[in-house]
Structure formats: C-alpha cells, structure tokens
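The block underneath contains the structure these notes are about, expressed in structure tokens.
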Amino acid sequence: MPGTMSPELMDPTNPPSTEHAGLKTRALLVSVFTIATCGLIYELLAGTIASYLLGDSVTQFSTIIGVYLFAMGVGSYLSRYFDRDLIARFIVIEILVGVVGGISSPVLFFSFGQIQSFRVVLYGWVTMTGILVGLEIPFLIRILEDQFPLRDLVSKVLSLDYLGALAASLLFPLWLVPQVGLMRSSFVFGVLNLLVAVWTCHLFRREHGRPWLTAQAYAALVLLLLGAVYSDDLTERSERLLYEDPVIFSRASPYQRVVLTQRDGEVRLFLNGDLQFSSLDEYRYHEALVHPGLAAVAEPRQALVLGGGDGMAVREILKDDRVEHVTLVDLDPVMTDIFVDHDGFAALNDYALRSPRVELVNADAFVWLDADAGRYDFIVVDFPDPSNFSLGKLYTTTFYRRLAAHLNPGGVMAIQSTSPLVSRQAFWCIVDTVRASGLQATPYHASVPTFGEWGYVVASREPFRVPERFPAGLRFLTPAVTRALFEFPADMAPVPVEVNHLNNQILVQYHADGWDQYSRTPPPVSE
Amino acid sequence: MTRRTLLRMGPAAAAAVAVRCSSPPPSSPLDPGRAGITGAIVGASHATGHRLREGGFPEPRETRDVSVIIVGGGMAGLSAAWKLSKSGFDDYALLELESEAGGNSRSGRNDVSAYPWGAHYLPVPPPEAPAVRELLEEMGMVPSYGADGEPIYDPRHLCHAPQERVFVDGAWRDGLSAQDLLDPEGTGTVAVLTEFEAQVRAYRNYRDASGRRAFAIPVAASTTDAEIVALDDISMRDYFDRAGWSSEPLRWYVDYCCRDDYGCTLETTSAWAGWHYFCSRPAEGQYLTWPEGNGRIVQHLLDRVADHVRTGMLVYRVGTGGGPGSPTGATEVDAVDTVRGTAVRYRARRAIYALPRFTAGHVIDGYAPPGAPDAFTYCPWMVANLTVSRLPVDAAWDNVLYDSPSLGYVVATHQNLRIAPGPSVLTYYRPLSVPNPAVARTWMLEQRWDDWVSLVLADLSQAHPEIESLVRHIDVMLWGHAMIRPVPGFVWGASRRRAEEPHGAIRFAHSDMSGISIFEEAQYHGVRAAEAVMRDLGHAHTSSV
C-alpha cells in the first residue's frame with residue numbers, strides 16, 4: 001500500500017496494520033461508488049416526481065437537474081469550510097443524505113396534496129439534497145488524499161463516481177420505476193447511504209470516537225427500513241391526497257368527496273379521487289353520450305337525465321330546440337349545487353341547470369323511477385361505472401325494464417357503458433342486458449383523451465338508425481364521424497357474456513376483471 | 001373460563017357454570033360505551049302460554065257458533081284460513097294467542113326498515129309444490145311466464161347478489177357452500193367434497209318404484225323405501241363417521257345447515273333430516289326474500305282472511321263433543337280474551353288445531369298422543385334485530401360467522417334498490433342447539449336484555465370490531481318452542497307418522513307434523529286440513545295440494 005496514513009486514519013496509540021488500513025481505504029472507495037449512485041437516484045426521483053405531479057417532463061427534468069447540479073456545486077464549495085474531524089463530519093453528512101434523500105419521495109408526494117406552494121418544497125428539497133451530496137466527494141477526496149498521489153486519487157474517485165452514476169441511470173428506468181416504485185426506491189437508496197454511514201462508523205470508530213454518532217446512524221437506518229417496508233401503504237395514502245392540479249373546491253357530501261382542480265383554465269372534477277371529467281375534452285364524452293340518441297328521436301319534447309349532476313349532458317340536450325323540458329335526477333345535492341350556484345363552474349355547462357327548461361331532482365335514481373309517473377322521449381343514463389354491487393343494480397334487466405316503461409313510443413335511451421377497450425366483457429354485458437330487457441341495443445364508442453376509448457349504448461323499442469343531422473355548435477360530432485362511432489374494431493368486438501341480473505350482478509365482476517388489468521383505478525364518468 | 005369458550009359451549013354449559021359458581025349470571029348494568037343502545041325483549045307471550053299448565057281460567061259467559069274454528073294463527077292456521085276463504089267457505093274463525101298472527105313468520109318495522117322476527121325467505125318452489133306456487137302468483141311474485149309456461153319470478157324479490165359470505169380465519173369469503181369452504185378455487189381435488197357432492201346428487205336424483213323422491217317437500221311425498229327411511233335411525237354425525245368424512249370445514253358446514261333449518265346440531269339431527277336439507281330442492285335454487293322476511297306472506301294471507309282472525313285469544317280447552325242442545329256443535333273451543341280477561345266458547349262442527357303438538361295434551365280433552373308421549377321436541381331460539389347507522393362494509397344478504405354458535409345475520413335492507421348508503425337493520429339468529437332443549441329454554445328465559453346485547457355484540461365483534469359504534473337499537477325476541485327438532489327416529493317414528501290422524505272432529509295442521517319447520521310444510525298441512533274439513537262438511541272446492 002503506497003503512501004502513509006492520514007492523521008484521521010491513524011490511531012496514534014496503536015498503529016494499524018496495513019491490512020486494516022487497506023480495508024478502510026477500499027471501504028471508502030466503495031462508498032464513493034455507492035454515494036454516487038444514491039446521489040443520482042435522488043436527482044432522478046425528484047425529476048420524475050416533478051414531471052409526474054406538474055407535467056411537462058422536459059421542463060421539470062431540466063430545472064431539477066440544473067438546480068441539483070448547482071446545489072452540488074454549492075456543497076463542494078462549502079466543503080472548504082470544514083477542516084477538522086473529517087470522518088465524523090462525513091458520517092454526519094451520510095446520515096443526513098440518507099434521511100433527506102430517503103424520505104424525498106414521501107415528502108414530495110405528501111406536500112403536493114397538502115401544501116399550496118409545492119414548488120418551494122420541491123426545489124428546497126432538491127437544493128438541500130444537492131448541497132449534501134456535493135459535500136460527499138470533496139470530503140472523501142480529502143480523507144483519502146494521503147493514501148494516493150493526487151493523480152491516482154482523482155482518477156479513482158471520479159471514475160467510481162461516474163460509474164455509480166451509470167449504475168443509477170440504468171437501474172432507475174429498468175428496475176426501480178417499474179418494479180420497486182418511486183416511494184420504495186427513495187427509501188432503499190436512503191438505506192444504502194446509511195449503510196455507508198454505519199460501516200464508516202464501525203471501521204473508523206477509533207477515529208471519530210463518538211458512540212452517539214453510531215447510534216444516530218442506526219436509528220436513521222431503522223427509520224428508513226420501516227419506510228421501505230411500509231412504502232406501499234404510504235403510496236396509497238399519498239395518492240389519496242394527490243390531485244395533479246391546485247384544488248379549487250373540495251367538499252364532502254354524505255355520499256362522496258367532491259373535488260375540483262384547475263390549472264391553466266383546465267378544470268377537473270374528481271369524486272372520491274376518481275376523475276369525472278376534464279374541461280378540455282369532456283365535450284367529446286358528452287356530445288357522444290347525448291346527440292346520436294337525441295337526434296334520432298322524431299319529437300324529443302321530454303328528456304330525462306339520470307346521474308350527470310355536473311349538467312354537461314343537460315347542456316348538450318338544451319342545444320336541441322325541440323326539447324321542451326329536461327328532468328335531471330342526481331343523488332347528490334352538493335354536486336348539483338356547485339354546477340347551479342357557482343358562476344365559474346356553472347359556466348362549464350353554459351348555465352344549463354339555471355334554464356327554465358330544466359327541473360332538478362336530488363334523489364336515488366331507482367327509487368325515484370319507481371315512484372315517477374313521467375314518460376320521456378329521450379333518457380340519458382349517466383351513472384358511475386358498475387364498480388360495486390350498489391351501482392351494479394343500475395345496470396340490470398330490472399332497471400332497464402323499469403326505465404323502458406318510462407319511454408314514449410319512438411323514444412331512445414343513451415347509456416354510458418364503461419370502456420369497451422379496457423373492460424370488453426363489461427361493455428358487451430351491458431349491451432346484452434339491455435337486449436335481455438326487451439329493447440334494441442345499438443352499441444357505439446368514442447375516444448375521450450382523459451378517459452381513453454369510451455363506450456355507450458342506445459336503447460330503443462324500434463330499430464335505431466344513426467342520425468344524419470345534429471344541432472349547431474357541436475365540436476366533435478359530424479354525421480360522418482358519428483357513423484364511424486358505430487363501427488367496432490377487432491379489439492373491442494363482441495365477446496360472449498352473461499346477462500346482468502339483480503341476483504347475479506355478474507357485471508361487477510366483469511368490470512373489476514377488466515379494470516384490474518390496468519394499474520390505475522377506473523376513471524368513472526360523471527355522476 | 002373465558003367469555004368466548006362460555007359462548008361456544010352454549011347456554012346449557014353457561015347455565016351450569018353459573019350454578020356451579022353459585023353466583024348469579026353476569027347482569028351488570030350496561031357498559032358505558034353501550035349507553036347509547038336502546039331496546040327491549042319483545043314479543044312472545046311466554047307467561048300467557050304458561051298459564052295453560054296452571055289452569056284456573058274463567059268460565060265462558062258467551063257462546064259463538066261457527067262451522068269451523070281454527071286454533072293458532074301461524075303459517076299452518078293462516079294457510080288453512082286462506083284455503084277456506086279461497087274456496088268461498090266463510091263461516092269460520094281463527095284464534096291467535098299473540099297480538100299479531102304469523103307465528104315464526106312475524107315481522108317488525110321501524111323508521112329504518114321492516115325486518116323479520118323469524119323465517120326470512122322462501123325458496124322458489126318446484127312444480128311439485130302447487131300450493132306454494134299458487135300463493136306466490138296471488139302475491140304478484142310472478143309477473144310473467146317463460147316459453148315453457150314456467151313462472152318467471154320478479155327479480156326484485158329474488159335474493160340479490162351478493163347473497164352469502166362467511167367469516168373464516170379473520171376474513172370474509174364470498175359464498176357459503178361446501179365448495180366455497182373446502183375448495184374455493186374449484187380445483188376439484190378435495191376428495192371428501194367430491195364424495196359429499198356425489199352423495200347429494202345421488203339422493204337428489206333418487207326415485208323409487210312409484211317415482212317418489214328420496215327427500216321431498218312436502219315430506220309426505222317422500223319415498224318410504226326402507227333404505228332411505230333407515231337414515232332416520234342415525235344422526236347426521238353417525239353418517240359422517242361411517243362415511244369417514246372427518247373434514248372439519250365440511251362438518252362445520254353441515255352442522256351450520258342443520259342449525260339453520262332445524263336448530264339441531266350434527267349430533268342431534270337425524271341423517272334423514274340432514275340429507276333432506278341438501279337433497280329436497282333443485283341444485284341451482286333461488287330464494288324469494290323481502291325486508292320483513294316471510295312477514296310479507298303473513299300480510300298477504302291476512303289481507304284475505306283478517307276478518308276471521310281474533311288475536312289475543314288464549315285457547316285453554318278444546319272439547320271433542322258439543323254440549324247437549326247444540327245442534328251443529330261437534331266440538332267446542334274455550335278461549336280467554338287476554339286483553340279483557342273474559343272467556344268465550346266457540347261451538348263448531350269442525351276444528352283445525354294449528355298449534356305445535358306439544359300443547360295438545362294440555363288443551364284437548366282426552367287427547368293422548370300416538371306413540372311416545374314426549375316425542376315432539378322443539379329448539380328454542382333467540383332472534384335479535386339490530387338497527388345500525390350504516391351497514392358493515394361489503395355486507396351480503398346472509399353473513400355467517402364460522403365457528404360461532406350463532407347463524408350470523410341477515411340484512412333487512414338487502415333488496416333495497418337505493419345506492420346511497422344509509423342505516424339498516426341486521427337480523428341476528430341464535431338457535432340454542434343443545435341436546436336438552438328444556439335446559440336451554442330455562443336458561444334463555446333467565447337472561448336479561450343486556451345479557452343478550454353483550455352476547456350478540458361479542459359474537460359480531462369478531463368480524464366487525466366496530467359493530468358497537470354502529471348499533472343504535474337492539475330488540476330481542478325469545479322463541480321457547482321455535483322449531484320442531486328432527487332428532488334421530490322422529491321423522492319416521494310412530495308419533496309423527498300418525499300425527500295426522502284426526503281426534504274426533506279435530507283435524508291437525510302444523511309443520512311439526514312433518515318434522516321439519518319450513519313454510520312449505522306448514523302450508524301443506526294447513527291447506528290439507530282445510531280441504532279435509534270442507535270435505536267433511538260437504539263444501540265443494542278444488543284441491544291445492
């Protein structure tokens with residue numbers, strides 16, 4: 001082993017064997033590799049989480065990398081102000097890096113849902129991590145400076161540093177993101193930093209001579225290990241808090257939590273955390289829901305909308321001057337109040353729910369329908385997806401038969417029917433259930449970017465003919481486009497399914513099977 | 001001894017312990033956490049019923065003449081009345097002890113829901129049960145018929161999904177069948193399940209030389225072939241032992257079924273009755289159910305016969321001859337009006353005695369039961385209705401706890417078509433299935449309301465730790481003689497086989513005459529008795545059975 005031990009590596013009372021000194025040196029070099037890997041992982045995590053939460057990944061990655069590198073530079077600069085107890089200080093820095101980096105994912109996820117100025121937390125955290133990581137390499141170089149000639153030292157340390165970066169940049173996309181997850185990755189790499197702290201504590205226990213430092217390192221290690229173990233739980237919690245955009249309205253009704261977010265003019269409605277619409281493309285969903293059925297009715301005077309308390313479907317119906325009266329039945333008064341009373345949100349449905357042609361009822365649909373004596377020419381059925389047995393009742397033969405009894409001769413019903421691409425069995429089950437209820441069922445679908453490929457069924461007593469004329473002011477439907485909606489590509493073609501009855505509720509199973517294959521939760525459409 | 005083992009050992013053991021410790025059973029005031037729960041022990045007039053043994057009734061001051069008098073307004077008595085009224089035979093009266101008719105099918109109602117106090121569903125009847133089908137058509141349960149002419153039952157009243165679940169090993173499992181418990185994945189590799197199911201199929205498909213089934217509803221239509229009848233000599237447990245079926249979940253499941261339908265355990269149910277449970281109905285049977293359970297049927301029957309029904313009438317004597325000078329009287333029935341305290345004598349040409357048979361020796365002059373004197377034994381039951389502020393998560397219709405002495409609970413609002421969550425009523429069933437029902441009966445009547453509340457909440461909190469915070473109100477009903485017990489030797493013993501024999505002008509009608517306490521048997525005997533008296537009296541009618 002060339003060179004002589006630095007004062008920090010030397011025990012003045014008991015000269016170490018060269019073997020022990022070599023072990024220490026090698027351990028420090030391994031540390032270089034490890035901390036380099038960890039450092040880059042934290043940077044990648046911050047960049048990924050920022051793009052995930054804020055969108056625009058180019059901007060997020062550029063700014064995160066810039067701030068992070070700059071902060072590392074600050075750290076490197078600051079390293080000059082430390083000149084004593086380098087080993088102990090290095091251990092402290094490792095503990096801090098391990099904790100700060102290790103909890104970066106949960107901190108960023110949770111603060112997004114909780115804290116108004118998320119960017120301050122984001123860049124503050126990135127800066128703090130960068131400064132700490134920036135201190136590491138200068139410290140190590142100085143600790144090792146007496147072990148090697150400068151030429152060798154710089155070559156060894158920097159090559160290991162860049163090798164660590166390579167390892168991180170390969171591990172991150174290939175293994176960590178798909179297999180481990182953002183939350184657990186951050187804990188796992190925090191643990192690695194703390195292992196460096198712990199082994200440094202042990203190897204250099206004589207040099208630093210501070211037992212409490214070892215205890216701190218272990219305490220932090222246990223903390224992060226717990227985090228790694230429970231990170232699935234944390235992920236779930238953070239996602240519950242999480243909305244992509246600033247929350248501009250939030251209220252819990254007896255039935256659900258209603259949240260509206262807004263960013264750059266785009267409004268999103270979430271019920272219990274599930275996206276109901278984005279104002280950017282909801283017109284596609286609602287035009288497709290309403291107009292193919294409505295335009296096919298010869299004299300649509302009376303219309304009924306079940307669900308759809310956001311008023312968007314009503315807005316579409318009112319575009320048709322032939323409609324004299326619309327009854328909207330929605331369970332939740334909190335929902336309808338927002339879209340009647342609040343000017344900003346009511347603007348989204350063109351103040352449709354304030355129209356004298358519209359009557360608003362807050363009631364449970366099946367119960368209301370049983371008591372209602374009305375007859376309608378056009379009925380829109382816009383319930384949340386059949387994701388549980390309660391909602392599944394609104395997709396049964398019993399329900400459709402009851403509904404058919406309220407349909408005037410020549411009338412048409414339009415039913416939102418989940419995604420035929422994601423849950424093909426569920427979609428065709430709804431089609432077959434409508435048919436088993438003594439109605440003609442004509443399925444169609446439309447592409448709504450925030451939902452994906454979405455399915456509908458028109459139900460009628462008479463054979464349905466795709467209409468050729470639509471009201472003015474549509475942005476999505478034209479006669480040619482509408483004809484195409486009734487064509488099903490091979491990947492959404494009919495599959496054999498059972499009919500959904502109250503006493504089997506097979507649809508709930510089909511729906512769960514289809515959506516379970518997708519990692520995200522189903523985005524049910526507006527209620 | 002912990003509370004849990006005490007509960008599992010059943011009431012007799014609990015009573016024994018209480019005696020041995022020579023201290024009163026726990027009767028502390030309500031726990032502070034329970035202060036918000038209201039309720040009471042309601043219903044069944046045990047005290048009034050017990051007056052029968054003591055005697056000392058007032059002499060009737062008033063005499064009324066009717067052609068037919070029906071004693072007892074449970075399902076058998078009401079069905080007899082239904083048949084009489086349907087046949088245009090209107091000169092009859094029905095006397096019921098309780099303030100409401102309906103027997104085991106009575107129900108209650110509060111501001112949340114109607115709920116059952118006993119029987120809570122009716123299997124969709126097979127073609128062999130024409131009277132049941134006739135009744136259901138009358139009730140509007142059959143809105144249409146299939147191409148084959150078979151009735152299509154109203155899906156609103158067929159039990160909705162999810163129907164059953166069972167709490168095993170700390171988690172709820174969907175479904176409640178031998179397969180759900182033994183082979184939930186459906187691998188088909190569980191040998192004992194395969195054997196059990198093969199035996200069910202074999203008995204289900206069995207037909208004797210005259211085409212009779214092994215186990216039929218009504219029981220009277222079952223084969224009398226020795227091979228099948230001999231099953232009544234042994235218990236279901238003996239059968240399992242001989243078959244070498246030691247599987248714990250299978251034994252638990254069959255024991256559960258026996259307790260559910262008979263209030264008897266694997267040990268106390270005859271193998272004939274045990275197999276009847278599994279093999280008398282089609283494989284893919286469906287249930288009709290209503291919030292108030294079979295109270296819906298009671299209400300329908302009352303809608304037709306209520307004018308003839310006198311409630312609060314304790315019948316203390318049925319005489320077999322009319323007194324001198326009574327031109328039409330072949331029988332006389334003395335009853336005391338429990339509200340006014342006055343007695344009435346009904347003189348009738350025929351009587352239909354539709355009370356459980358154990359009462360006959362106390363009530364009917366000169367009645368000696370055929371066969372053994374105490375052959376008819378009954379299991380006591382406790383039923384509790386719990387009003388809850390919301391349903392437990394993912395509740396099914398029938399929610400069963402594995403290894404509990406209870407049968408779990410049924411959700412009264414299950415057939416509700418609302419999607420909004422809301423309060424509900426849970427009906428909790430607890431047969432006191434011990435070998436000696438008299439011991440259980442005594443113990444049962446000693447328990448106070450708060451003892452029952454503790455017992456119910458302790459049991460349910462295994463599966464629902466939060467149950468106490470959900471419950472607002474608990475009413476408890478105690479059924480001293482809830483169900484006839486088909487113990488080994490009863491169904492095919494002389495006492496039951498000869499139970500239909502008339503006693504002078506008295507015909508009998510009750511499900512205990514079948515040895516199986518189900519609606520179909522009660523209705524069968526009620527309708528049969530009504531048809532018999534109409535035949536006796538020369539009243540033209542068409543038969544429903």
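Just so it is clear: chains get the letters A, B, ... in the order the sequence lines come, proteins before strands, and each one is counted from 1.
The pair B/Arg133-B/Glu150 counts as a salt bridge, with a side-chain nitrogen and a carboxylate oxygen less than 4.0 angstrom apart. Between A/Asp370 and A/Arg402 there is a salt bridge, since a side-chain N of the basic residue sits under 4.0 Å from a carboxylate O of the acidic one. Under 4.0 Å is where a charged nitrogen must lie from a carboxylate oxygen, and between B/Glu197 and B/Arg204 no such pair does.
In this structure, chain A has a heavy atom under 4.5 Å from the backbone of B/His414, while its side chain stays farther away. If you measure heavy-atom distances from A/Asn503 to chain B, the contacts under 4.5 Å come from both the backbone and the side chain.
Checked against a 6.0 Å centroid threshold, the rings of B/Trp397 and B/Tyr287 count as neighbours. Between A/Tyr285 and A/Tyr456, the gap from one ring centroid to the other is short of 6.0 Å.
Of residues 425-435 of chain A, no residue lies under 4.5 Å from chain B by any heavy-atom pair. Contacts with chain B (heavy atom to heavy atom, under 4.5 Å) involve these residues of residues 388-400 of chain A, listed by number: A/Phe389, A/Ser390, A/Leu391, A/Lys393, A/Leu394, A/Thr398.
Within the 4.5 Å cutoff, the side chain of B/Ser144 has no heavy atoms near those of the B/Tyr153 side chain.
Using bins of under 30°, 30° to 60° and over 60° for the plane-to-plane angle, the ring pair B/Tyr409/B/Trp172 lands in the perpendicular bin. By the 30° and 60° cut-offs, the orientation of the rings of A/His511 relative to A/Trp515 is tilted.
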Check the pair A/Met335 / A/Leu271 against side chain to side chain contact (heavy atoms under 4.5 Å, CB included), numbers first and verdict last. CA-CA 10 Å; A/Met335 268 289 284; A/Leu271 296 180; 3.9 Å; yes
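In this structure, a donor-acceptor pair under 3.5 Å is present between the side chains of B/Arg165 and B/Asn399.
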